[in-house]
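Single-structure report; data block below.
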Amino acid sequence: MNDEVLGDIQDILCDIGDGPYVEGAHDFAQQWVIENDDMVIINDAEALWECITGVLHTPLGKIDGVGLEGYGSELLTLRGQVLNYHIKELAKVYIKNTIPQFKGRVKDFPVIKIDEVTDKINRRTKLRIFLTVDSIYGRFSRTTYI
């Protein structure tokens, strides 16, 4: 690849990384930087949260590839069901079952709170999941919706 094309790609990637596109991120700067023409992931709590939401929003086994058979969560199978005690407990089990996918970066999800919210525009019910994450980057809390 010539230097002009590499420069264009680098400019595009830097433009994408400039905006605060992570919902709920605090003091968000960038998820990655470019060093020696390679993208390097910044290892911090925000990058880990993006990984967690990616896993929770992907059906288990949906992604093909070596070592990716176990990527994802069974959480999406609960979408559309009436929220009761049993569904909440099942959702907690599904969330905790994802811990091994984070290769030691997530120690535990000590707090998992689940409730339903209705979107006023579409009138669709969603699960609101509040997670506290114990990780190698410290403890942090975030909310995601399924």
Worksheet entry | Salt bridge E50-R142, side-chain N to carboxylate O under 4.0 Å | no
Once you round to the nearest 0.5 Å, how far does [atom1] of [X] lie from [atom2] of [Y]?
X	Y	atom1	atom2	result
F109	S141	CZ	OG	11.5 Å
Y71	T58	OH	OG1	4.5 Å
K126	T118	NZ	OG1	10.5 Å
I95	S73	CD1	OG	7.0 Å

Item to complete: Output all residues satisfying side chain to side chain donor-acceptor pair (under 3.5 Å) with T77, sequence neighbours left out; order by chain, then residue number.
Response: none
Discussion item. Restricting to salt bridge (Lys or Arg N to Asp or Glu O under 4.0 Å), what partner residues turn up for R139, sequence neighbours left out?
Written reply: D134
Worksheet item: Residues two or more places apart in sequence or in another chain: which of them pass salt bridge (Lys or Arg N to Asp or Glu O under 4.0 Å) with K96?
Response: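 Listed in chain order: D108.
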Measuring only between side-chain heavy atoms, which start at C-beta, is [X] closer than 4.5 Å to [Y]?
X	Y	answer
T144	W49	yes
L127	R79	no
L56	L131	yes
K113	I129	no
F140	T132	no
I146	L78	no

Worksheet entry | Set of residues satisfying side-chain contact (heavy atoms from CB on, under 4.5 Å) with respect to R128, sequence neighbours excluded | D115, V117, T143, Y145
Fill in: P59: partners by side-chain contact (heavy atoms from CB on, under 4.5 Å), with sequence neighbours left out
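P59 satisfies side-chain contact (heavy atoms from CB on, under 4.5 Å) with K62, L76 once adjacent residues are dropped.
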Item to complete: Kindly give the heavy-atom pair with the smallest separation between N97 and P100, and that separation in Å.
Response: O-CD, 3.4 Å
Worksheet item: Tell me, which pairs form a side-chain hydrogen bond (donor to acceptor under 3.5 Å, both in side chains) where one or both residues lie in residues 80-90, sequence neighbours left out?
Response: E89-K92
Worksheet item: F130: which other cluster members, linking ILVMFWY side chains closer than 4.5 Å, directly or transitively?
Response: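 F130 clusters with V111.
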Fill in: Test side-chain contact (heavy atoms from CB on, under 4.5 Å) applied to R105 and Y137, step by step
CA-CA 8 Å; R105 288 184 174 85; Y137 308 112; 3.4 Å; yes
Worksheet entry | Joint hydrophobic cluster, L60 plus I112, side-chain heavy atoms closer than 4.5 Å |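 The answer is no; the residues belong to distinct hydrophobic clusters.
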Worksheet item: Out of curiosity, does V93 fall in the hydrophobic cluster containing L83 (side-chain heavy atoms, cut-off under 4.5 Å, transitive links)?
Response: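 No, L83 does not connect to V93 through the hydrophobic network.
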Item to complete: Determine, stepwise, if the pair Y94 / T98 fulfils side-chain contact (heavy atoms from CB on, under 4.5 Å).
Response: CA-CA 7 Å; Y94 289 163; T98 65; over 6 Å; no
Practice prompt. Say whether, by atom type as modelled, one donor and one acceptor occur between the side chain of Q101 and the main chain of G70 under 3.5 angstrom.
Written response: yes
